[in-house]
Every structure is written in C-alpha cells, then in structure tokens.
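A quick write-up on the structure given underneath.
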Amino acid sequence: MLGCIDAQRKAKKSMAFPIAATGARGLAYIANVGDRAVSVIDTATGATTATIRTAAFGFSSPSDVAVSPDGTRAYATNPDYNSVSVIDTATNTVTATVEEAFRCATLVVSPNGRNVYVAGQSTSVIVVIDAATNTVSARIPVAGAQYMAVTPNGSRIYATRDDTGVSVIDTATNTAIATVPTNNGLCRGLAMHPDGTRVYVAGNHSKAVHVIDTATNTISRSIGVGSPPYGMAITPDGAGVYVSCDDGPISVIDSAANKVVATIPLWEAGPLAASPDGTFVYTPNHLTDTLSVIDVATNTVTGTVAAGRHPCSVAFGPGVPLRTNTPTVVKGAPLKVRYSTAPGNVSSRNWVGIYPDDGGATIGKKNSFTWAYAPNAAGSVTLDTGSVPVPGRYAAWYLYNDAYATLGGPLTFTVT
C-alpha cells in the first residue's frame, strides 16, 4: 500500500456517492492522520460505519492501511509510535500492537494472509510480522525500502528504495535476490499485475511508469506520463493501470498496449486503490477530507464521499463476491453478474451458475440451469435466463475450480 503524501491543493466539489447494486456491500478502510484513526466506509451507501483510533498523539499516524485477504483483520502503520496496529474487523477494535525500532510507514499483506511486510522511514530493513502471533518473525535487509508490492503467489516482494532501484525479495528465504536498476532516479509506488508477470513502478524522477518483467527482473518498457508519477493501482482484471502524479492529472494505462489511453483531471492526487469488483478507483483528498470516486467504465470522477480528517491511504476489504445491476430480468434476457475473490482463490475453472432459490440445497446434487467460467480475480459473466424453466426467484452461486465449494452467493434475482 501507499501512504501519505503532501496535502492535495485543489478542493473538489462534493457530488453524490455512487450507490452499489441492490444487496451489494463492501468496506473501505481509510487512514486519516488528522483523526489519528482508521475509518470504515460502507461502499454501498458512502456512510462511515466506524472510526478506530490507532494513535493518541502525533502528526503522521496512521500513515497506511492494508486488509487481510479474508477481510478479518486490518493493519495500520503508526510512524509516531514505531508500531503497527492490528484491527479486528468484526468488532472494529485494535486487538494488538506490534512495536518496532523504526518509524513504520507502509505495509502489504501476503496473499495467504500469513505475513505482513512493513517498511519504514530511513531504515535498512523490511520487517515481517507473523499474522498468527502478531510478532516480528524476520527482518529483511533492504536499504531505504519505501513502497512494496507482492506477487499473487506470495513468492516475491518488489520494493522501491530511496535511491534508484527496485529490490526483489524471495519470501521463502527472506533475502533480497536482485536489484532492478532505475537509472533515471527515484521511484515511488508500485502495482502488481494480477497474473504476476509484471509490476508497474512509478518512476518519479523520470516522469514515466516502468514495467518490470518478473521473469527476468528487467525493465521491459517505460511509459511516459508527463508528470512525476506517485501512486498506482491496477484493476483486478489487470486491464487498467491508474497513475497519480505530483503535478499533473491521473493517467490511465492500457496494460495490453502499454500506453496512456486516458487522463482524469485530478491534479496532485496521492495513493490510489481499485475496488475488488473493478468498477471504481478511489483516491483520498487530503485537504478536503474526502475520497474521489473514479468510474472505471468511463474514466470520470463520479462523486466524492466524506472521509475522516486528512485521509492519506485507502484499502478495501475482499468485497462482495457477486453482484448485479439487474435484480429483475425478463425470461430470456441476459443476466450480467460481476464477481470477485481473493487472489489465493483464483482459478481458471471457477464458475458462476444459476440454481433454484433454495439456499444452496441443490448445489452438487442437480445440474445448474446455466453456468459460465469466472477465471479472474474479478470480472463479469453473462448468463442466459432463457434456461430457467419458469418465471420466479432464482439464485446465482460463485463456485470453485469446477466443483462446488462456495466462493460467493446466493445472489438472488427474479425472472419475470
């Protein structure tokens, strides 16, 4: 995750927050340095549902926030306290504090949720926290580590440094195994492609986004964005890379073509986060105490939502596994269903099927009426409602790897 930066200078007009589809609910966690707290936002309504204090004093805590893949815990760095707060998301309380001998600033959680990796300010290590015991299990020597991204299988961490390189860390041995040189100076945020084949790095001094090939640990392409890039986020399907810049608009990179295809007039935006279903990108507005909401389909700002005082980092919970914008359809009309899951659950043979609305009693016992593969971390499938026998209530289920373990559902809908 990417932590706080200088306050954003341009105030933005408050607009209506986009409402999610019926029954859809996900949570966003916001680090607010002005409140010294993490706030929790219901993304279906835009309402703040909880405020969790992580620091009693200071001017830079919490600086960053991340959420475990299963959504049961959130983690917040507190540079003023040299610590990481562990938050139970069921009770919205701090249940543990992990102390360290440096100003903890940024962090990422491994895809399996077992480890939390923490980088600090002006330090020479990345600290590994064992999530089961909330204790420090290892320290990885990496001089000047700043921002981090982890591969989907958890085997590698890429970390920008305060000099001119990106360190590659083997998480099995907790050692740095390579350095990718960035010859044109300082880099900032990173975004890992969901398939793990490349990582996008904000080349701040070079005014470009560097694309690192993770097979060779070399830069395969540099994409100019016109201004010094800072924060980055990539949509769960890997199609769009969103790049905030120090003194320019947000750039949108098509990851297939490796070129800028759109700009969004949010100047000097900071950290970015893509929603689990890939429909929105969020960025905090430090001075106006709001989050801007970018519609991925149109690459436009569709609204703002109130945050705490001086928000500086955003992270999402796992999200709503299934959702639809058409909970009532005419028989024979297509039903579009969006799905999302944690990286560790992704399989090319995950699937979404339509069953009777019976609470799942017939799953694995009778065939679904229709189905479609859902192979990515997030995306959409279109299902043929002409396959159901009669009008009535039905349910879509999100199932794992050509079998019947449930990833999400039921998503109930009506066929007329």
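Scored by the side chain to side chain donor-acceptor pair (under 3.5 Å) test, Thr218 finds Thr216 as partners (sequence neighbours excluded). Scanning for salt bridge (charged side-chain N to carboxylate O under 4.0 Å, His left out) contacts around Arg156 gives Asp170, with sequence neighbours left out. Take Phe369 and apply the ring pair (Phe, Tyr, Trp, His ring centres under 6.0 Å) test, not counting sequence neighbours, and it matches Tyr394. For Tyr81, the ring pair (Phe, Tyr, Trp, His ring centres under 6.0 Å) criterion is met by Phe57, not counting sequence neighbours. For Thr406, there are no side chain to side chain donor-acceptor pair (under 3.5 Å) partners, not counting sequence neighbours. Judged as a salt bridge (charged side-chain N to carboxylate O under 4.0 Å, His left out), and not counting sequence neighbours, the contacts of Arg198 are Asp195. For the side chain to side chain donor-acceptor pair (under 3.5 Å) test, no residue two or more places apart in sequence or in another chain qualifies with Asn134. Qualifying ring pair (Phe, Tyr, Trp, His ring centres under 6.0 Å) partners for Tyr398, counting only residues two or more places apart in sequence or in other chains: Tyr339. Applying the salt bridge (charged side-chain N to carboxylate O under 4.0 Å, His left out) criterion to Asp402, with sequence neighbours excluded, gives Arg349. When the side chain to side chain contact (heavy atoms under 4.5 Å, CB included) test is applied to Ala403, no partner is found at least two apart in sequence or on another chain. Ser39 meets the side chain to side chain donor-acceptor pair (under 3.5 Å) test with Asn32; sequence neighbours excluded.
Put simply, the side chain of Leu272 reaches to within 4.5 Å of the side chain of Ile250, judged on heavy atoms. Using a 4.5 Å cut-off on side-chain heavy atoms (C-beta onward), Thr89 and Leu27 make no contact. Side-chain contact check for Tyr242 versus Thr283: every heavy-atom pair is 4.5 Å or farther apart. Glu100 is not listed as a side-chain neighbour of Val84, based on a closest heavy-atom distance of 4.5 Å or more.
For the residue pair Ser63 and Thr77, a side-chain donor N or O sits within less than 3.5 Å of a side-chain acceptor on the partner. Under 3.5 Å, the side chains of Asn78 and Thr54 contain a donor-acceptor pair of N or O atoms. Remark: the Asn204 side chain and the Asp246 side chain contain an N/O donor-acceptor pair separated by less than 3.5 Å.
Listed by first and then second residue, the side chain to side chain donor-acceptor pair (under 3.5 Å) pairs that reach into residues 248-261 come to none, sequence neighbours excluded.
Side chain of Thr324 to backbone of Thr326: a donor-acceptor contact under 3.5 angstrom is found. A donor-acceptor pair is defined here as one N or O able to donate and one able to accept, closer than 3.5 Å; such a pair exists between the side chain of Asp64 and the backbone of Leu107. Judged by distance alone, the side chain of Ser244 and the main-chain N or O of Gly270 form a donor-acceptor pair under 3.5 Å. Distance alone, capped at 3.5 Å, is enough to place a donor-acceptor pair between the Asp289 side chain and the His310 backbone. A donor-acceptor distance shorter than 3.5 angstrom exists from the side chain of Ser61 to the backbone of Asp80, with no hydrogens or angles considered. Side-chain atoms of Thr290 do not come within 3.5 Å of backbone N or O of Val305 as any donor-acceptor pair. Without hydrogens or angle criteria, Ser68 side chain to Arg73 main chain gives a donor-acceptor distance under 3.5 Å.
Here the closest heavy-atom approach between residue Gly165 and residue Thr179 is recorded as CA-CG2, 4.5 Å. Closest of all the heavy-atom pairs between Val381 and Ala372 is CB-CB, 4.0 Å. Shortest non-hydrogen contact noted between Ala119 and Gln146 is CB-O, 3.6 Å. Across every non-hydrogen atom of Ala333 and Thr385, the tightest pair is O-OG1, 2.5 Å. Summarising the geometry of Val352 relative to Leu322, their closest heavy-atom pair is CG2-CD2, 4.2 Å, with the distance given to 0.1 Å.
For the pairing with Val211, the side chain to side chain contact (heavy atoms under 4.5 Å, CB included) check across Ile223, Val201, Val199 returns one residue only, Ile223. No option in Asn82, Val136, Asp130, Thr133 other than Val136 meets the side chain to side chain contact (heavy atoms under 4.5 Å, CB included) test with Val98.
Note: Tyr282 and Phe316 have perpendicular aromatic rings, judged against thresholds of 30 and 60 degrees for the angle between ring planes. Between Trp371 and Tyr373, the ring-plane angle classifies as perpendicular under the 30° and 60° cut-offs.
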